[in-house]
Amino acid sequence: MSCATLNLQPSLKPLNSRDNYNFRSSNKKSCFSSCSFSSVSFVGPLTSNGNKSSSDSCHAIKGLRSFPIGFKCVSQKSELSVSFGADSNFASDKRLVVLVIGGGGREHALCYALQRSPSCDGVFCAPGNAGISNSGNATCIPELDISDSSAMISFCHKWGVGLVVVGPEAPLVSGLANDLVKAGIPTFGPSAEAAALEGSKNFMKSLCDKYKIPTAKAHSLLSQFFVAGTLLLKLRLLLQYRTFTDPSSAKQYIQDQGAPIVIKADGLAAGKGVTVAMALEEAYEAVDSMLVKSVFGSAGCRVIVEEFLEGEEVSFFALVDGENAIPLESAQDHKRVGDGDTGPNTGGMGAYSPAPVLTKELQAVVMQTIILPTVKGMEAEGCKFVGVLYAGLMIEKKTGLPKLIEYNVRFGDPECQVLMVRMESDLAQVLLAASRGELSGVSLKWSPGSAMVVVMASKGYPGSYEKGTEIRNLEEAENVAPTVKIFHAGTALNSDGNFIATGGRVLGVTATGRDLEEARDRAYQAVEEINWPGGFYRRDIGWRALPQKELAPKK
């Protein structure tokens with residue numbers, strides 16, 4: 001079954017006056033934020049980072065309906081819920097249809113987990129991809145324009161969708177959740193204003209600054225040095241992050257700081273807008289690529305220059321309902337394209353869960369010092385965050401404590417894939433509870449053991465790559481072991497019905513095992529079965545947690 005064919009499950013049909021699916025009012029209340037521009041701006045660190053004011057021509061993020069610096073947020077109450085059956089409600093029957101937005105490996109993993117949810121009657125995915133449809137994990141709706149909120153709302157009403165789960169960041173930053181919530185459709189994902197935690201790194205850094213969330217060093221933490229004389233003023237400048245729109249100023253600052261140093265595009269850059277420069281020339285090139293050559297478009301019209309953190313990177317995920325937050329299991333991904341963590345950053349070349357570096361004690365520290373202060377800070381600013389907070393962390397080598405590198409406002413990919421194969425809770429009900437502000441008291445159940453995903457990408461990624469190369473033996477790969485699952489991120493079917501690659505990262509070959517070593521062995525056994533001359537993969541996923549095996553050369 002291809003995504004081009006709308007093949008609805010028998011239990012799903014459009015709503016009409018005689019259907020048992022119905023919208024009804026409820027005494028349960030979910031709080032969402034609606035924000036609009038105002039002449040009132042945040043005071044304190046949120047507007048005093050030494051940067052240009054809102055008159056800066058690059059102030060607005062493309063597609064962001066109102067930028068988080070200089071707006072006023074007003075909470076709204078939504079009292080709509082969905083029930084299935086004439087006499088049923090969520091407390092008793094708990095049946096619902098879910099629509100997943102997106103078409104990558106993350107969305108495939110979410111569809112897979114939602115389909116297994118006992119309370120889920122069916123899963124749609126828009127636009128989806130050929131692999132999602134072929135697996136039967138969801139009914140793909142490629143013709144549904146996810147940038148058209150009216151079309152989305154009409155579809156949800158027609159098919160009785162009781163929950164929308166937004167996968168990618170771009171629709172969130174552009175305000176899809178705002179429109180769905182306004183229409184009374186329960187939505188897992190933050191408003192455009194709250195999504196600025198990912199949509200603008202400058203906003204994220206400013207929030208961390210104001211609410212004392214540990215991150216690469218920021219100026220307000222050392223403001224007492226400002227009046228203490230020339231020597232200490234210099235120290236303050238050396239320890240702060242800065243944002244720039246002028247390349248000459250950025251380069252001068254970088255020269256003053258020295259290398260290593262980190263340069264980030266302010267906006268969304270598909271995971272590629274960060275340069276960890278080990279030499280000054282590399283840093284200068286990163287500035288030019290963003291501010292002069294505009295390789296990231298409007299996302300790179302402002303850059304952040306910050307402290308280089310040395311340590312071990314790890315991913316931390318928490319579900320948030322606006323006021324409460326609960327952590328997911330730990331995971332660790334591999335951003336660099338090459339073995340041994342070499343080469344440029346990518347969207348992720350593999351991941352595993354759990355991550356031994358993130359101990360239970362360390363998880364508690366992350367919740368208390370990073371996640372909960374962020375949730376409370378967003379609430380205090382009038383923009384409650386609803387969705388998943390994905391904190392990219394650095395466990396500092398010198399202190400052993402976590403610092404926030406960046407926030408994403410959606411599930412990470414490929415981490416989502418290893419998390420979803422381990423998820424044993426009813427994901428549909430958990431995400432619905434988050435969207436309704438009802439996470440208090442919710443606990444999550446995970447399978448024991450470990451999971452690993454090895455990403456197979458098109459040769460040339462993250463640079464230019466060829467599309468349309470044929471992929472064979474996927475069924476044989478999944479039959480290596482019952483615990484192997486292949487998630488599709490960038491595939492389509494050609495005229496002969498064979499899978500072809502259409503993206504950079506194409507497949508997520510995932511496996512579970514009693515421990516990480518068994519999960520790794522199964523994942524790589526499956527990878528070796530796949531016949532794809534146009535692809536490549538890292539051969540050392542999990543190297544930080546496991547002694548490495550010498551893999552046989554690929555035939």
Side-chain angles (χ1 to χ4, degrees), residues 41-51 61 67-71 73 169 173 190 193-226 236-244 257 261-268 273-274 276 302-311 313-318 320 325 327 362-363 365-385 387-396 399 401-410 412:
S41 296
F42 289 138
V43 296
L46 280 180
T47 56
S48 60
N49 189 32
N51 304 312
I61 302 172
F67 194 73
I69 299 179
F71 68 87
C73 295
E169 62 274 20
V173 171
E193 297 74 30
L197 279 174
E198 179 171 1
S200 170
K201 293 180 179 63
N202 186 55
F203 172 65
M204 185 218 80
K205 297 291 289 188
S206 298
L207 188 86
C208 291
D209 197 359
K210 183 172 183 179
Y211 292 98
K212 306 299 185 287
I213 298 164
T215 182
K217 291 173 182 174
H219 72 280
S220 69
L221 300 180
L222 295 164
S223 59
Q224 65 269 26
F225 291 121
F226 186 80
R236 174 180 179 271
L237 291 174
L238 287 171
L239 292 176
Q240 68 170 325
Y241 77 90
R242 290 280 299 276
T243 63
F244 297 92
Q257 308 310 300
I261 199 164
V262 178
I263 296 90
K264 298 179 177 180
D266 181 52
L268 299 178
V274 178
V276 180
R302 173 162 44 189
V303 300
I304 286 82
V305 181
E306 68 180 22
E307 172 193 24
F308 168 76
L309 299 176
E310 186 178 5
E313 286 191 51
V314 69
S315 303
F316 190 95
F317 298 88
V320 183
L362 203 52
Q363 290 182 55
V365 172
V366 173
M367 287 297 293
Q368 291 300 318
T369 65
I370 296 175
I371 300 297
L372 292 178
T374 299
V375 174
K376 294 181 183 300
M378 293 295 283
E379 182 182 10
E381 299 298 344
C383 278
K384 289 186 176 182
F385 185 95
V388 61
L389 267 180
Y390 164 16
L393 304 176
M394 180 69 75
I395 310 303
E396 277 204 289
T399 66
L401 295 176
K403 279 190 174 181
L404 178 66
I405 301 173
E406 64 180 5
Y407 266 132
N408 294 316
V409 297
R410 35 70 186 182

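FYI, the numbering just counts along the sequence from 1. This one's a predicted model, so the numbers in the text were calculated from it and none came from an experiment.
Rounding to the nearest 0.5 angstrom, the gap separating the CG atom in Leu207 from the CG atom in Leu197 is 6.0 Å. The distance from atom CD of Glu198 to atom CD of Glu406, rounded to the nearest 0.5 Å, is 7.5 Å. Atom CD1 of residue Ile395 and atom CD of residue Glu310 lie 14.0 Å apart, to the nearest 0.5 angstrom. Taking NZ of Lys403 as the reference point, atom CD of Glu313 lies at 14.0 Å (rounded to 0.5 Å). Atom CD1 of Ile371 sits about 5.5 Å away from atom CG of Leu389, to the nearest 0.5 Å.
In plain terms, the two heavy atoms of Gly311 and Met394 that are nearest each other are C-SD, 3.2 Å. Heavy atoms only, all atoms of each residue included: Val173 and Gly199 are closest at CG2-CA, 4.1 Å. Residue Ala194 comes nearest to Lys384 through the heavy atom pair CB-O, 4.0 Å, listed as atom of the first residue, atom of the second, then distance. Nearest approach of Ala391 to Tyr407, heavy atoms of both residues: CB-CE2, 3.7 Å.
Between Asn202 and Arg302 the shortest side-chain heavy-atom distance falls below 4.5 Å. Ile370 has its side chain within reach of Leu393: a pair of non-hydrogen atoms, C-beta onward, lies under 4.5 Å apart. Between Glu169 and Asn408, the closest side-chain pair of non-hydrogen atoms is not below 4.5 Å. Residues Glu381 and Tyr211 have side chains in contact (heavy-atom distance under 4.5 Å, counting atoms from C-beta outward).
Of the possible polar contacts, one joining the Thr369 side chain to the Val365 backbone as a donor-acceptor pair under 3.5 Å is found.
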**Study point:** Chi angles and distances behind the side-chain contact (heavy atoms from CB on, under 4.5 Å) call for Met204, Leu404
**Key:** CA-CA 10 Å; Met204 185 218 80; Leu404 178 66; 4.2 Å; yes
Practice item. Give the C-alpha distance, both sets of side-chain angles, the deciding distance and a yes or no for side-chain contact (heavy atoms from CB on, under 4.5 Å) between Leu362 and Val314. Key: CA-CA 11 Å; Leu362 203 52; Val314 69; over 6 Å; no
Exercise for review: Could you please spell out the steps behind the side-chain contact (heavy atoms from CB on, under 4.5 Å) verdict for Thr243 and Lys205?
Suggested key: CA-CA 10 Å; Thr243 63; Lys205 297 291 289 188; over 6 Å; no
Practice item. Let me see the working for Leu401 and Glu396 under side-chain contact (heavy atoms from CB on, under 4.5 Å), right down to the final yes or no. Key: CA-CA 6 Å; Leu401 295 176; Glu396 277 204 289; 5.8 Å; no
